[in-house]
Amino acid sequence: MQRLIIKGEKRLCGEIRVQGAKNSALPLLAGCLLAEGTTRLTRCPELSDVFAACRILSELGCKCSFRDNTAVTDSTGAQGFCITEELMREMRSSIVFLGAVLGRMGRCELSYPGGCELGPRPIDMHITALRQLGVRITEEHGRISCTCPKGIRGAVIDLPFPSVGATENIMLAAACGKGETVIHNAAREPEIKDLAAFLNSCGADIKGAGCSTVVIKGVKKLHGCEYEVMPDRIAAATYMAAAAATGGELGLLGVRCADIQAVTAVFEEMGAAVYCPEDRIFISCSRPLRAVRVIRTMPYPGFPTDAQAVVMAALATSQGSSMMVENIFESRYRHVDELVRMGADIKTSGRTAVIQGVKKLCGANVRAHDLRGGAALVTAALGAEGVTTVGNVQYIDRGYEQIEQVLTSVGADIRRAF
Ligand code: EPZ
C-alpha cells in the first residue's frame, strides 16, 4: 500500500499551474466515442480514473493513446457495445459511457455500478431519462441491457434532481438522436458547460448548458476536434485549503475564478485575502483562521460537495466553531474519524458536522477512505505538528495529478513511500 509521508508546519508559498478537470475529462472521453475520427483532448489530467476511461474506450474498439497530457482517440473502428464488469467497477463514473455507447451503437450492455465509498449511488434518473428517449432497458443479475430499436428519439425530460451524471448521459445520448431533447432541472455545473462546448466543437447543437434548461437538437453525426479540458475547480479549492492550513500564500494559475466563487467566499470569511485577476487566484492566509457561518453543500452554483472535506480540514484549526451540512451524498464524512485522530474536534450527526477549531493538529497514521477525504487528510497534515502518514493513496491518485510533486514545488515536505 502506497503512503504519503508529510512533515507538517511548512508554510506553502509559490505558484501552482492547476491540472485539467477530472470530472470534465471523463465525460469528454466518453464523448470521443460519438465523434467519428480523431479527437485530441489537451490538458487532460494523468489520473488513474482517466486511464480507466481510456481502457473502456479501447475495449469498445477505439484507439486511445496518452502523452504529455494529451489524449488522442480514434473511434473509426469502434464497434463494441459491452463494457465488462471489471472495468465498470474500476470507477463509478463509467456510467457516463452508457449515453455515449447508445448514441453511437444504438445498444449497450454494462454492469450496474453499485454503491461506492460515498454511499449508495443509484442511477434511477439516468434509466428513466433514457427510457423517455426511446431506450428499452432490462436489468438482470446486475447487468443492464439497453437497445433502441427505433433510435434515440428526442423528448422533454424533467429531472427530479439536477444530477450531473444524468444530465451528461442525456446530452451524450441525444446529441445524435432524432429531433429535439429538452432537459428541465438540468445540472448547471461548469463541467456540463464544458461537455456541451466540446460536443458542439464536434458538430453537435446544444444550447443552454450551464442553465437549468438545456436544449439538444439531434444532428446526423459528430466529427473529431481538438479541445482543451477545463481547469479543475476542486483541485484549485484543495490547494487553497492547503494554503489556509499552513498560513501560506499561493498563486493558482490557469483557473476560472467564476467557477469557484462559492469556495473563495468561504476562504475570505475565514480571513484569507483572495484576489482573482483573469485566470489566476492569489490567496494569502494568516493564522489563526476564523470560523465561518453554516456551509451547506448544494448543486452548482452552491458550495460543492467535493470541496467539503478539504475546507473542513482547514477549519479544524480555526478560532471558534463552524457547521457543515452535506446535502448531496449520504456518506461523505469518513475523513472525520481520521481528522479526529490528528487532534481535531469534529462531531457528526447524520448530514451535519460541527467543527470546533483547535489550536493545532498533530501528526498521526491515517487512511484515506475516498478521494476528497484523502485530500483533506493531506491538507490537515500540511499544517499539523510532526509527521503524518496517509495510507490508501490510490484514492487520492484518482483525482490529483502528482500531488506530492505539486506540493513539494511550493515548499511542502511530502514524499511517497512504496
Ligand atoms: C458527479 O457525480 C461528480 N463525479 C462527483 O465528483 C460530484 O461529487 C457530484 O457530481 C456532485 O457534484 C463526476 O463528475 C465523475 P450526481 P455524479 O448524479 O454525477 C443522487 C469527486 O470527488 N442520484 O449529481 O454521480 C446521487 O446518489 C466526485 O470528484 C440519484 O439518486 O453526481 C447523489 O446523492 C465524487 N439517482 C446525488 O444524486 C441518480 O440516478 C448527486 O449525484 C443519480 C444521482
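Start at 1 and go down the list; that is how both ligands and their atoms are numbered. Here the structure is a predicted model, which means the values were calculated and not measured.
Annotation: atom 24 (O) of ligand 1 to nearest protein heavy atom, Val164 N, 2.8 Å. Counting protein heavy atoms only, atom 32 (O) of ligand 1 is closest to Phe329 CZ, 4.2 Å. In terms of protein heavy atoms, atom 36 (N) of ligand 1 is closest to Asp124 OD1, 2.7 Å. Nearest protein heavy-atom contact of atom 18 (O) of ligand 1 is Ser163 OG, 2.7 Å. Scanning the protein for heavy atoms near atom 8 (O) of ligand 1, the closest one is Asp306 OD1, 2.5 Å. The protein non-hydrogen atom at the shortest distance from atom 3 (C) of ligand 1 is Asn23 ND2, 3.6 Å. Protein heavy atom at the shortest distance from atom 17 (P) of ligand 1 is Arg121 NH2, 4.0 Å. Among protein heavy atoms, atom 39 (C) of ligand 1 sits closest to Pro122 O, 3.1 Å.
Judged purely by distance below 3.5 Å, without hydrogens or angles, the side chains of Arg372 and Tyr400 pair a donor atom with an acceptor atom. Side chains of Asn23 and Glu189: no donor on one and acceptor on the other come within 3.5 Å. Defined by atom type and a distance below 3.5 Å, a donor-acceptor pair is missing between the side-chain atoms of Glu168 and His126. In this structure, a donor-acceptor pair under 3.5 Å is absent between the side chains of Glu36 and Thr76. Between the side chains of Tyr227 and Thr39, no donor N or O sits under 3.5 Å from an acceptor N or O.
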Stepwise, does the side-chain contact (heavy atoms from CB on, under 4.5 Å) test hold for Val50 with Leu47? CA-CA 5 Å; Val50 169; Leu47 302 168; 4.2 Å; yes
Given the rule in the salt bridge (charged side-chain N to carboxylate O under 4.0 Å, His left out) test, do Arg296 and Glu326 qualify, once you have shown the distances and angles that lead to the verdict? CA-CA 6 Å; Arg296 298 173 201 278; Glu326 171 54 57; over 6 Å; no
Kindly indicate, with the supporting measurements, whether the criterion salt bridge (charged side-chain N to carboxylate O under 4.0 Å, His left out) is fulfilled by Asp68 and Arg43. CA-CA 8 Å; Asp68 296 335; Arg43 204 186 189 183; over 6 Å; no
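The closest approach between a heavy atom of Ala166 and any atom of ligand 1 is not below 4.0 Å. Heavy atoms of Glu168 stay at 4.0 angstrom or farther from ligand 1. In this structure, Met298 falls outside the shell of residues with a heavy atom less than 4.0 angstrom from ligand 1.
With ligand atoms numbered from 1 in the order given, ligand 1 contributes 39 (C), 40 (O) to contacts under 4.0 Å with heavy atoms of Ile123. Atoms of ligand 1 lying under 4.0 Å from any heavy atom of Lys22, numbered from 1 in the order shown and given with element: 21 (C), 29 (O). Near Arg332, meaning under 4.0 Å from any of its heavy atoms, are these atoms of ligand 1: 8 (O), 21 (C), 22 (O), 35 (C). Atoms of ligand 1 found under 4.0 Å from any heavy atom of Gly165, numbered from 1 in the order shown, are 18 (O), 19 (O).
Using a 4.0 Å cut-off between heavy atoms, Ser93 contacts ligand 1 through its side chain alone, with no backbone atom that close. When heavy-atom distances to ligand 1 are checked against a 4.0 Å cut-off, Phe161 comes that close only through its side chain, counted from C-beta outward.
Salt-bridge check for Lys22 with Asp306: failed, with every basic side-chain N at 4.0 Å or more from each acidic carboxylate O.
Residues Leu33 and Cys62 approach most closely at CD1-SG, 3.9 Å, considering heavy atoms.
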Listed pairs under 3.5 Å, donor-acceptor, residues 138-162 side chains, sequence neighbours left out:
from	atom 1	to	atom 2	distance (Å)
Arg143	NH1	Ile83	O	2.9
Arg143	NH2	Ile83	O	3.3

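No side-chain donor-acceptor contact under 3.5 Å links Glu404 to the backbone of Arg416.
For the pair Arg107 and Phe81, the cation-pi test (distance below 6.0 Å, angle within 45°) is passed.
For ligand 1, the polar-atom distance check finds an N/O of Ile328 within less than 3.5 Å of one of the ligand's N/O atoms. Residue contacts with ligand 1: Thr305 is placed with no nitrogen or oxygen under 3.5 Å of a nitrogen or oxygen of the ligand (distance criterion only).
Of the candidates Glu326, His126, Met125, Gln308, the one placing a heavy atom closest to atom 30 (C) of ligand 1 is Met125. Which of Arg398, Met91, Arg372 comes nearest to atom 22 (O) of ligand 1 through a heavy atom is settled by distance: it is Arg372.
Counting only heavy atoms, the protein gets under 4.0 Å from atom 41 (C) of ligand 1.
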